[in-house]
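Convention: sequence-line order gives letters A, B, ...; per-chain numbering from 1.
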Number of protein chains: 2
Amino acid sequence: MTLPIKRIAESTVRRLSMYLRYLEGLDGVGQQTASSDELAQLCGTTPAQVRKDLSFFGSFGKRGLGYPVHELSERLRDILGLGHAWQVVIVGAGKIGSALAEYRGFRQRGFQVVGVYDKNPEKVGRPWGDAMVRDMDALADDVKEKHVDIAVIAIPADDAQEVVDQIVAAGIRAILSFAPTSLHVPPHIAVKTVNMAMELEGLSFALTNRGE
Amino acid sequence: MTLPIKRIAESTVRRLSMYLRYLEGLDGVGQQTASSDELAQLCGTTPAQVRKDLSFFGSFGKRGLGYPVHELSERLRDILGLGHAWQVVIVGAGKIGSALAEYRGFRQRGFQVVGVYDKNPEKVGRPWGDAMVRDMDALADDVKEKHVDIAVIAIPADDAQEVVDQIVAAGIRAILSFAPTSLHVPPHIAVKTVNMAMELEGLSFALTNRGE
DNA sequence: ATAACTTTGTGAAGAATTTCACAAGCCTCC
DNA sequence: GGAGGCTTGTGAAATTCTTCACAAAGTTAT
């Protein structure tokens with residue numbers, strides 16, 4: 001793969017992820033090639049955007065024909081690092097953690113859940129898929145010993161920063177947070193936050209101020 | 001409120017939502033004023049960004065002093081349209097829908113869940129909070145009759161577009177989707193999509209290509 | 001083999017967003 | 001009431017991201 005010299009925009013990465021999803025769909029029904037125009041329509045973007053995004057990483061298409069569906073899928077999986085078997089822990093055994101556990105795409109894509117943690121004694125010890133819920137006290141040690149890559153934070157906002165500090169100290173490398181708070185971490189840690197309140201309020205704003 | 005002449009960037013709206021969250025916290029502990037610097041640190045952004053964001057809507061601060069916490073909270077609630085009692089339906093009675101139902105901030109902020117729908121006959125009729133799960137067939141009619149504003153889509157990607165088409169025809173105005181697919185809607189409909197796979201793959205990318 | 005058609009890859013232009021930097025305003029203290 | 005210290009509000013600059021537009025290259029048909 002041509003290494004990205006420039007910093008790649010987050011929006012580009014998000015779109016790559018989307019291209020991959022649709023390419024896999026096309027691959028599944030045996031389609032051989034797809035044009036930037038077709039991908040753009042599927043993903044709700046523009047052909048120029050598709051071509052530009054892909055061009056950061058190399059030139060994968062054939063002029064006059066489009067992109068080879070199967071091969072581009074593989075390339076995108078490489079680019080996105082989906083070849084690895086990332087070690088994931090889920091922190092918080094509530095509904096959100098539960099929803100995540102149910103989510104198939106998780107394991108399918110190489111995200112391997114190696115532990116679920118909760119501080120509530122009633123939940124500790126309960127079965128959870130193949131494993132069981134462990135006590136939060138064990139989290140930091142486990143992260144260190146098992147070289148966990150990613151932690152999914154599904155606990156209340158007030159507890160989140162403290163837990164994050166612990167697992168950062170224990171060597172976590174990336175965090176996906178569902179806690180409605182901004183997390184402070186050292187710059188080498190990758191963080192994504194999904195904030196439902198923010199999304200809803202974005203809709204509320206759109207409904208209120210539309211037509212402007 | 002000074003009406004926004006310019007189109008307001010989505011990123012700005014997201015930050016407004018975050019400012020509001022922290023301002024409410026400060027208000028709760030009786031803090032009278034907050035500077036753009038303090039807000040920026042809390043929210044993980046820059047003071048200039050805070051001031052610029054707020055300046056789109058008016059000038060709420062006092063030089064030398066900062067922003068009045070309580071008053072700015074109220075203004076932000078107005079701006080974000082959180083005075084309304086938005087009517088919300090949840091489509092899909094699975095784990096994600098369930099997690100949403102559990103989410104307090106929902107009702108707190110004026111989002112009123114008036115119905116939960118599922119096409120699975122086993123789930124239809126089950127209790128759900130105060131109400132019960134209704135059959136998906138009733139969704140479009142209910143949206144029309146009850147003037148539902150927002151639909152939360154928590155069903156598989158393959159079913160999502162069809163349902164969305166129905167409720168758009170029935171007069172829905174905004175959609176929050178958890179289906180990992182891009183939804184096609186007329187331009188006057190507000191749509192937000194939360195895509196867990198995309199977030200995880202963003203982290204995978206960061207872990208793979210960091211240090212560049 | 002040629003012509004007509006399609007589609008990529010990409011500099012350059014354009015648009016959007018963030019950051020800078022500083023004048024103006026408000027507060028406090030003496 | 002004047003000086004000193006903060007902090008806002010905001011044009012302008014810088015940066016980032018998207019769109020344009022077209023040459024180059026491949027395909028298909030004849």
Side-chain angles (χ1 to χ4, degrees), chain A residues 1-19 22-23 26 31-69 71-72 75-76 79 182 202 205 212, chain B residues 1-19 22-23 26 31-69 71-72 75-76 79 182 202 205 212:
Chain A
M1 170 195 358
T2 306
L3 287 184
I5 306 300
K6 291 186 181 178
R7 195 188 135 274
I8 300 298
E10 181 164 319
S11 48
T12 293
V13 178
R14 299 176 70 82
R15 284 189 299 266
L16 292 181
S17 175
M18 190 142 45
Y19 303 153
Y22 283 102
L23 284 167
L26 295 177
Q31 187 169 328
Q32 297 292 310
T33 61
S35 66
S36 58
D37 198 60
E38 181 173 7
L39 276 175
Q41 278 190 261
L42 287 171
C43 298
T45 180
T46 65
Q49 185 75 79
V50 172
R51 296 200 298 275
K52 180 66 86 179
D53 285 339
L54 295 175
S55 77
F56 292 133
F57 300 92
S59 83
F60 307 118
K62 268 214 183 86
R63 293 169 194 229
L65 199 61
Y67 297 91
V69 169
E71 192 194 313
L72 182 55
R75 290 320 210 69
L76 286 179
I79 290 166
S182 85
F205 178 85
E212 212 61 42
Chain B
M1 166 195 0
T2 306
L3 287 184
I5 306 300
K6 290 185 182 179
R7 197 191 132 273
I8 301 298
E10 181 164 318
S11 49
T12 293
V13 178
R14 299 177 71 82
R15 284 189 299 266
L16 292 181
S17 174
M18 190 143 46
Y19 303 152
Y22 282 101
L23 284 168
L26 294 177
Q31 187 168 328
Q32 297 293 309
T33 61
S35 66
S36 59
D37 198 59
E38 181 173 7
L39 277 176
Q41 278 189 260
L42 287 171
C43 299
T45 180
T46 66
Q49 184 76 79
V50 172
R51 297 201 297 276
K52 180 66 88 181
D53 286 339
L54 295 175
S55 77
F56 292 133
F57 299 92
S59 83
F60 307 116
K62 267 214 184 85
R63 294 169 193 229
L65 233 178
Y67 297 91
V69 168
E71 192 194 313
L72 183 54
R75 291 319 211 72
L76 286 179
I79 290 167
S182 85
F205 178 85
E212 212 60 44

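- Between the C1' atom of D:dT8 and the CZ atom of B:F56 lies a distance of 15 Å, rounded to the nearest Å.
- Of the candidates C:dT17, C:dG11, C:dT19, C:dT17 carries the atom nearest the B:R7 side chain, counting heavy atoms from C-beta on.
- A 4.5 Å side-chain heavy-atom check between A:L54 and A:L76 finds at least one atom pair inside the cut-off.
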For nucleotides 21-23 of chain D, list the nitrogen or oxygen atoms of the protein found under 3.5 Å from its nitrogen or oxygen atoms, one pair per line.
from, atom 1, to, atom 2, distance (Å)
D:dA21, N6, A:R51, NH2, 3.3

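- A close approach under 4.0 Å does not occur between any side-chain nitrogen or oxygen of A:Y67 and OP1 or OP2 of D:dG26.
- Computed from coordinates, the A:I8 CD1 to D:dT18 P distance equals 12 Å when rounded to whole Å.
- Between A:F57 atom CZ and C:dT8 atom P there is a gap of 18 Å when expressed in whole angstrom units.
- Distances shown here put a side-chain N or O of B:S59 below 4.0 Å from the OP1 or OP2 atom of D:dG9.
- For the pair A:V69 and A:L23, the tightest heavy-atom approach, listed with the atom from each and the gap, is CG1-O, 3.3 Å.
- Each of A:K62 and A:S11 was matched to the nucleotide of DNA chain D holding its nearest heavy atom; the match closer to the 5' end belongs to A:S11.
- Here A:Q31 pairs with A:E38 under the side chain to side chain donor-acceptor pair (under 3.5 Å) rule; sequence neighbours left out.
- Spacing between atom NZ of B:K52 and atom C1' of C:dC22 amounts to 13 Å, rounded to whole angstrom units.
- At the phosphate of D:dC17, neither OP1 nor OP2 sits under 4.0 Å from any side-chain N or O atom of A:R14.
- When every heavy atom of A:L39 is checked against every heavy atom of A:A34, the shortest pair comes out as CG-CB, 4.5 Å.
- Remark: B:Q49 is in phosphate contact with C:dT19, judged by side-chain N or O atoms under 4.0 Å from OP1 or OP2.
- Contacts of A:Y19 classified as side chain to side chain donor-acceptor pair (under 3.5 Å), with partners at least two apart in sequence or in another chain: A:D53.
- With distances taken from any side-chain atom of A:L65 to the nucleotides C:dT17, D:dT7, D:dT27, the minimum falls on D:dT27.
- With rounding to whole Å, B:D37 atom CG is found 15 Å from D:dG9 atom C1'.
- In this structure, B:F60 atom CZ and D:dT10 atom P are separated by 11 Å, rounded to whole Å.
- Regarding A:L54, its CG atom lies at a distance of 13 Å from the C1' atom of C:dT7, rounded to whole Å.
- Side-chain contact check for A:L26 versus A:T33: every heavy-atom pair is 4.5 Å or farther apart.
- Nearest approach of B:L72 to B:Y67, heavy atoms of both residues: CD2-CB, 3.7 Å.
- When the P atom of C:dT18 is taken as reference, atom CD of A:E10 falls 12 Å away, rounded to whole Å.
- Between D:dG9, C:dC26, C:dT8, one nucleotide has an atom nearer to the side chain of A:S36 than all others, and that is C:dT8.
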